[in-house]
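Reviewing the structure listed below.
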Amino acid sequence: MAEKITGAGALSRRDFLTGSAVAAAGAAMLGLAAAEPAVAAEVRSGNWAADGSAAVTAEPSAATNATATDGTYREHNASSFPADDATPIPPRAVPASWDYECDICVVGAGGGGLNAAARAVQLGADVICVEAMGLPGGNAQEAGMCGILGGYSGQEEKKFAFPSYPFDPKALTDWAMDEYHYAADPKLIYRLACEGGKSLDWMADCGVHWRLGEVPVYVAPKRSTLDHHVLKMKDATDAMYNYGYAHGVDFHFQSPAVALVQDDDGRIVGVVVNEDYETERYIRADRAVILTAGGFCNNKALLDKYIPTAAMGCASSYLTAGERGECFRMGLGVGADVSGFNSSASFDGGVDWQAEGGTWARFLYDGMTQLSRQPWLTIDRCGNRLRYMDSRVAEDGANAIYALGDLATIQMTPPGHRSYIIFDANYEDHLAGFAQEHCRKLLTPDLEQIEKVPEHYRDWHHGVQDAIDADVLKRRDSLEELERDLGLAEGVLTEAVAKWNDACERGEDDFLYPMPAEWLHPIVEPPFYGCRIGGNLYGTKAGLLINDQMQVVGTDGRVIPGLYAGWHTAGGACGENSYIGDPILGSLMGDVGLAFCGGYLCGTSAVENEINGGQA
């Protein structure tokens, strides 16, 4: 086995996106020491810096609006994205000799990959897990909690299940298929319904300390605070890494996969990695390769081709670790089919940094992103009011979570696929009264476990100032100036503000979906602020077609031998044409839960099918 990584210093990594600052940011998010940064071969405006800043020259806003003046969609700035390539990656031929050998090679050490590796090694396989970053956890560690609609032991203790108790995976499958307009594979949804709770209980057996949330459809690590969603899942991914490491998984960090290896019979027999970003190595996987390296939130060309609604309606992504789609493209290169066309998952409040020459992918708790998610006056480019979806738990916590995705749909779908938030100089006085919950809470330095967050983001004011400095959040002395510089037609903004102020003066909103009286704050005090927003993409649901055994299926309808895929490299978890991946923000288990369960299923199926001859 390769030398194990044991120290925090050893876990630092080279830049894996487009700028050396990304390495420091990733290490900071995990509380690790960053290595000496690599020299970036090319500096692009897609760099994501630990301090949130970006030295770019912003074009005038009107010239980079989301749509052209004739209403047609204007292309995103490709240089804002870490990747812009939709071409399949062809497989390599079997080499004369191999550098490493194993039974199963897992690509990716995020939530799905850690579970796949741990499950396969637990069942007796010799496992190598390769990872582009220099540390485990991937984007999964940034999640706050995972949703699950039944079958987890903690829910059984509370006698909770959906759509009714006792838990019935067939009833859940029927409900989900109706939600997905029958565009999903029912056998795949049924497997997810059956195994979702088991996967969380299995993770508990491996060392993850879960606790049920206040609303019993949500589960979070026990040692994490439940009153804020800041990198909670790091506790879970750390535990799964520790389990896999202790049981013999051979982790190869700083080793991004670059191609699959396919033999003359069409079987996938290995992976080519770029070890330490310097040397190609061939890893023989005698029984199976499992692709669990996430989706393609940060690849412009793939979004344009496979998820056009996200390409048009999303203004940003908050997944900063990878998501360039290489594994998806590798699957395409060996003839895999695609499932889940035009499906994705987004939160509200995606700030349109890239339209001003800035970055596409930013940390979710960037202060400007959090500020954008509050209940401000929100209009479309015609001046029409847009509904706000409240995330306060109150009596219905499930609806409070749904609000995060439902508002994304509202903000993504107006004419031009952008919305506009407006407020005045008194905005900070209103935030406590808004009382938004879950991941809409603004970060302050006194929050529990704030040390998990990069220092710059521990106070939301920093991100807001970054946005003002970049003219992403426009601060103007008059509404007329703000209207012009947001690219709105004359009178659109001023008339909308006048109507809003009238409602505020009456103390009663006359809008179709009225704001609570305590949220009615007039926009009268200069300077005035405005920002263009859309969806905040966090999961691509288009991916490789798989069956209920997690085996990748080719365009000929046959299984590609030796190849498995977990979500979000795989697709189809919520059917086709799902804007935000309902029913629970991405799937029956939410995004991170989907990754966890998918990895567990991949590890189980790969061992049962390829080593145990199909015997459970």
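Since the model is a prediction, treat every value here as computed from it, not as a measurement. Positions are given from 1, in the same order as the sequence printed here.
The nearest pair of heavy atoms linking Tyr538 to Cys297 is C-SG, 3.8 Å. In this structure, Val592 and Cys146 approach most closely via the heavy-atom pair CG1-CB, 3.7 Å. When all heavy atoms of Gln549 and Ser605 are compared, the pair lying nearest together is O-CB, 3.1 Å. Between Glu280 and Asp99, the shortest heavy-atom distance links the atoms O-OD2, 4.3 Å. Of all heavy-atom pairs spanning Cys102 and Ile283, the tightest one is SG-CG2, 4.2 Å. Contact record, Val289 with Val107: CG1-CG2, 4.3 Å, taken as the closest heavy-atom pair.
The residues Asp591 and Lys541 are annotated as salt-bridged, a charged nitrogen and a carboxylate oxygen being separated by less than 4.0 angstrom.
To the nearest 0.5 Å, atoms CG (Asp337) and CD1 (Ile546) are separated by 12.5 Å. Rounding to the nearest 0.5 angstrom, the gap separating the CG atom in Leu114 from the CG atom in Asn242 is 9.5 Å. Rounding to the nearest 0.5 angstrom, the gap separating the CD atom in Glu195 from the OH atom in Tyr600 is 5.5 Å. With rounding to the nearest 0.5 angstrom, the CG atom of Leu260 is 12.5 Å from the CZ atom of Arg267. Taking CZ from Arg281 and NE2 from His252, the interatomic distance works out to 10.5 Å, rounded to the nearest 0.5 Å. Annotation: the span from Asn299 atom CG to Leu302 atom CG amounts to 3.5 Å, rounded to 0.5 Å.
Between Met589 and Ser199 there is a side-chain heavy-atom pair separated by less than 4.5 Å. Inter-residue side-chain proximity for Phe251 and Ile128 is flagged as unmet; no heavy-atom pair is nearer than 4.5 Å. In this structure, the side chains of Glu576 and Asn342 stay at 4.5 Å or more apart for every pair of heavy atoms. Counting heavy atoms from C-beta outward, Leu172 and Tyr190 have side chains that stay 4.5 Å or more apart. For the pair Val94/Val261, a side-chain contact is recorded, criterion being any heavy-atom separation below 4.5 Å from C-beta on. Using a 4.5 Å cut-off on side-chain heavy atoms (C-beta onward), Glu610 and Ile104 make no contact. Taking the side chain as every heavy atom from C-beta outward, Leu404 and Arg440 approach each other to under 4.5 Å. Between Tyr100 and Arg284 there is no side-chain heavy-atom pair separated by less than 4.5 Å.
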Leu123 and Asn612: CA distance, side-chain angles, deciding distance, side-chain contact (heavy atoms from CB on, under 4.5 Å) verdict: CA-CA 10 Å; Leu123 295 178; Asn612 296 339; 5.7 Å; no

CA sep, side-chain torsions, deciding dist, call: Ser344, Leu537, side-chain contact (heavy atoms from CB on, under 4.5 Å): CA-CA 7 Å; Ser344 61; Leu537 182 63; 3.8 Å; yes

side-chain contact (heavy atoms from CB on, under 4.5 Å) assessment of Asn536 paired with Asp348: CA-CA 6 Å; Asn536 193 1; Asp348 57 287; over 6 Å; no

Arg92 and Val272: CA distance, side-chain angles, deciding distance, side-chain contact (heavy atoms from CB on, under 4.5 Å) verdict: CA-CA 8 Å; Arg92 305 281 184 89; Val272 184; 3.7 Å; yes

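For Ala246, there are no side-chain contact (heavy atoms from CB on, under 4.5 Å) partners two or more places apart in sequence or in a different chain. Annotation: side chain to side chain donor-acceptor pair (under 3.5 Å) contacts of Asn547 (sequence neighbours excluded): Gln551. Qualifying side-chain contact (heavy atoms from CB on, under 4.5 Å) partners for Ala118, counting only residues two or more places apart in sequence or in other chains: Trp202, Met240, Tyr243. Shown here are the side chain to side chain donor-acceptor pair (under 3.5 Å) partners of Gln262, two or more places apart in sequence or in another chain: there are none. With sequence neighbours left out, Glu326 forms a salt bridge (charged side-chain N to carboxylate O under 4.0 Å, His left out) with Arg324. Residues forming a salt bridge (charged side-chain N to carboxylate O under 4.0 Å, His left out) with Glu156 (at least two apart in sequence, or on another chain): none. In terms of the side chain to side chain donor-acceptor pair (under 3.5 Å) criterion, residue partners of Ser153 (sequence neighbours excluded) are, by chain and number, Asp201. Taking Arg287 as the reference, nothing meets the side chain to side chain donor-acceptor pair (under 3.5 Å) condition, with sequence neighbours excluded. Here Lys305 pairs with nothing under the salt bridge (charged side-chain N to carboxylate O under 4.0 Å, His left out) rule; sequence neighbours left out. When the salt bridge (charged side-chain N to carboxylate O under 4.0 Å, His left out) test is applied to Asp263, no partner is found at least two apart in sequence or on another chain.
Taking the six-membered ring where the residue is Trp, the centroids of Phe363 and Tyr318 are separated by 6.0 Å or more. Taking the centre of each ring, Tyr180 and Tyr182 stay at or above the 6.0 Å mark. Between Phe160 and Phe167, a ring centre-to-centre spacing not shorter than 6.0 Å is recorded. Aromatic pair Phe328/Tyr306: centroids less than 6.0 angstrom apart.
Distance alone, capped at 3.5 Å, places no donor-acceptor pair between the Ser578 side chain and the Gly575 backbone. Here the side chain of Asn274 pairs no donor or acceptor atom with the backbone of Val258 at under 3.5 angstrom. Formation of a donor-acceptor pair under 3.5 Å by the Ser316 side chain with backbone atoms of Gly350 is not found in this model. In this structure a side-chain-to-backbone donor-acceptor pair under 3.5 Å is present from Asn298 to Gly322. For the pair Thr237 (side chain) and Met233 (backbone), a donor-acceptor distance under 3.5 Å is present. Looking at Gln155, its side chain never comes within 3.5 Å of a backbone N or O of Ala161 through a donor-acceptor pair. Side-chain atoms of Ser255 come within 3.5 Å of backbone N or O of Phe253 as a donor-acceptor pair. Of the possible donor and acceptor atoms, one in the side chain of Thr540 sits under 3.5 Å from a partner among the backbone N and O of Phe296.
Within the structure, the ring-ring contact (aromatic ring centres under 6.0 Å, His included) test picks out no pair touching residues 117-147 (sequence neighbours left out). For residues 101-119, the set of pairs meeting the side-chain hydrogen bond (donor to acceptor under 3.5 Å, both in side chains) definition, not counting sequence neighbours, comprises Arg119-Gln122, Arg119-Thr604.
Paired with Thr173 under the rule side chain to side chain contact (heavy atoms under 4.5 Å, CB included), one option of Leu588, Leu192, Asp168, Ile189 passes, and it is Ile189. When the options Thr569, Val106, Ile268 are evaluated for a side chain to side chain contact (heavy atoms under 4.5 Å, CB included) with Leu291, the one that passes is Thr569.
Inspection of the Asp276 and Gln254 side chains reveals an N or O donor paired with an N or O acceptor under 3.5 Å.
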